[in-house]
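The analysis underlying the following values was restricted to heavy atoms, covering all of them including side chains, and did not include hydrogens, waters or symmetry mates.
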Amino acid sequence: MLPLLLALSAPLVQDWTPPPPPPTVPTLAMAQPRFAPFVLPGELRVVTAIAELEPLAGVLAEQLSERTGLAVKAAPAPARSGDVVLTLGYTAEAVGESPEALSIEVFEDHVALSGRTEAGVARAAARLLQLLSPAEGGGWVLPPFRLDDAPRFPWRAVRLEGPASEEDGRRLLELLYLGSFNVLVLDAAPSEDRAALARALGPAAAARG
């Protein structure tokens, strides 16, 4: 009987291949498939029990609202089913010892974002925004994976040359955040416009880690 069962199950085992990791910029270091995607509920919450992560929870809730059109709110712990949870803690040792190491684990009933530091959780939040995709029939989903990563270089910059408006700076800052850059260099002669731009972007940059 056992040989027969093994023979019948062999094609199923041989035909299964893990799905490819979801595309992100930069590419993730580690991706392990899970069983079911997370479907964003109509009343999505971003929850944390850590005071240092509360500003980031607010930023992520705002970003998710803009992307999805849902009424996403930042909320205090305890977490409940359907939440996106921010925490400090475990990340895979295989990605190295960077303070910006991150982990994203997508469960069917919630999503957990973790990092070794607040900056790591901010990187996880940025990757989460990249992973969002429209669901068939409406709504939004996150792919069923556990994702681990860490930046290869501690200093990752983009240089902005010449004069720029505050709106230009904010748009570029948003792209830097999504791409896991951490420095914006304003390459222009000292001027009141340059100083005003730097002052205007400072709070937004600090909120995004």
Side-chain angles (χ1 to χ4, degrees), residues 12-41 44-50 52-53 55-57 59-61 63-64 67-68 72 77 79 81-135 139-158 174-183 207-209:
L12 297 177
V13 175
Q14 293 172 357
D15 291 343
W16 187 86
T17 55
T24 60
V25 179
T27 303
L28 289 154
M30 295 176 59
Q32 301 172 341
R34 292 294 186 258
F35 297 105
F38 175 73
V39 180
L40 274 63
L44 182 64
R45 305 192 316 162
V46 181
V47 176
T48 184
I50 300 172
E52 292 82 358
L53 296 179
L56 176 62
V59 170
L60 181 56
Q63 292 289 322
L64 287 169
R67 293 293 184 86
T68 64
V72 186
S81 180
D83 286 346
V84 174
V85 183
L86 310 185
T87 187
L88 294 170
Y90 174 77
T91 57
E93 293 183 2
V95 301
E97 299 180 356
S98 167
E100 294 181 89
L102 65 93
S103 174
I104 303 173
E105 190 148 16
V106 178
F107 300 92
E108 186 174 3
D109 64 341
H110 75 284
V111 179
L113 307 185
S114 182
R116 293 185 185 162
T117 65
E118 292 91 344
V121 186
R123 301 291 166 232
R127 293 302 183 87
L128 180 74
L129 294 170
Q130 291 189 31
L131 296 171
L132 277 175
S133 60
W140 295 83
V141 297
L142 290 168
F145 280 89
R146 178 196 165 94
L147 307 167
D148 293 278
D149 197 23
R152 182 177 178 184
F153 303 104
W155 197 82
R156 306 175 305 281
V158 168
E174 199 67 37
L175 294 174
L176 299 185
Y177 171 62
L178 291 174
S180 293
F181 290 91
N182 59 5
V183 177
R208 285 160 174 76

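The two residues Ala135 and Val141 come nearest to each other via the heavy atoms CB-CG1, 3.6 Å. Val95 and Ala150 get closest at one heavy-atom pair: O-CB, 3.5 Å. In plain terms, the two heavy atoms of Leu56 and Ala125 that are nearest each other are CD1-CB, 4.3 Å. Considering every non-hydrogen atom in both Ala92 and Arg146, the closest pair reads N-NH2, 4.3 Å. Closest approach of Gln130 to Val25, counting heavy atoms only: OE1-N, 2.7 Å. Of all the heavy atoms in Pro99 and Thr117, the pair that sits closest is O-OG1, 2.5 Å.
In this structure, the side chain of Ser103 does not engage the main chain of Ser114 through any donor-acceptor pair within 3.5 Å.
Listed by chain and residue number, Val47, Ala49 satisfy the side chain to side chain contact (heavy atoms under 4.5 Å, CB included) test with Ala77 (two or more places apart in sequence, or in another chain). For Phe38, the ring-ring contact (aromatic ring centres under 6.0 Å, His included) test picks out no residue, with sequence neighbours left out. For the side-chain hydrogen bond (donor to acceptor under 3.5 Å, both in side chains) test, residues two or more places apart in sequence or in another chain that qualify with Asp149 are Arg127. For Arg152, there are no side chain to side chain contact (heavy atoms under 4.5 Å, CB included) partners at least two apart in sequence or on another chain. Arg156 meets the side-chain hydrogen bond (donor to acceptor under 3.5 Å, both in side chains) test with Glu100; sequence neighbours excluded. Remark: Thr91 pairs with Arg116 by the side-chain hydrogen bond (donor to acceptor under 3.5 Å, both in side chains) rule, at least two apart or across chains.
Interatomic distance, CG of Leu53 versus CG of Leu88, reported as 4.5 Å (0.5 Å rounding). One distance of note links CZ of Phe145 with CZ of Phe35; it measures 12.5 Å at 0.5 Å rounding. We find the CG-CZ distance between Leu128 and Arg67 to be 10.0 Å, quoted to the nearest 0.5 Å. Annotation: the span from Asp83 atom CG to Thr48 atom OG1 amounts to 11.0 Å, rounded to 0.5 Å.
Residues Pro134 and Trp140 are in side-chain contact: their nearest non-hydrogen atoms beyond the backbone lie under 4.5 Å apart. The shortest distance between side-chain heavy atoms of Ser180 and Pro151 does not fall below 4.5 Å. Under the 4.5 Å side-chain criterion, counting only non-hydrogen atoms from C-beta, Asp148 is not in contact with Leu28. Two residues are said to be in side-chain contact when any heavy atoms from C-beta on lie closer than 4.5 Å; Ile50 and Val121 fail this criterion. Ile104 has its side chain within reach of Val106: a pair of non-hydrogen atoms, C-beta onward, lies under 4.5 Å apart. In this structure, the side chains of Leu132 and Leu64 come closer than 4.5 Å at one or more pairs of heavy atoms. In this structure, Pro144 and Pro37 have side chains that are in contact, with non-hydrogen atoms separated by less than 4.5 Å. Side-chain contact between Leu44 and Thr68: absent, with no pair of heavy atoms (C-beta onward) separated by less than 4.5 Å.
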Could you walk me through whether Val72 and Leu40 pass side-chain contact (heavy atoms from CB on, under 4.5 Å), step by step?
CA-CA 10 Å; Val72 186; Leu40 274 63; over 6 Å; no
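Atom CD of Glu108 is surrounded by 12 or fewer heavy atoms from other residues, nucleotides or ligands within 6.0 Å.
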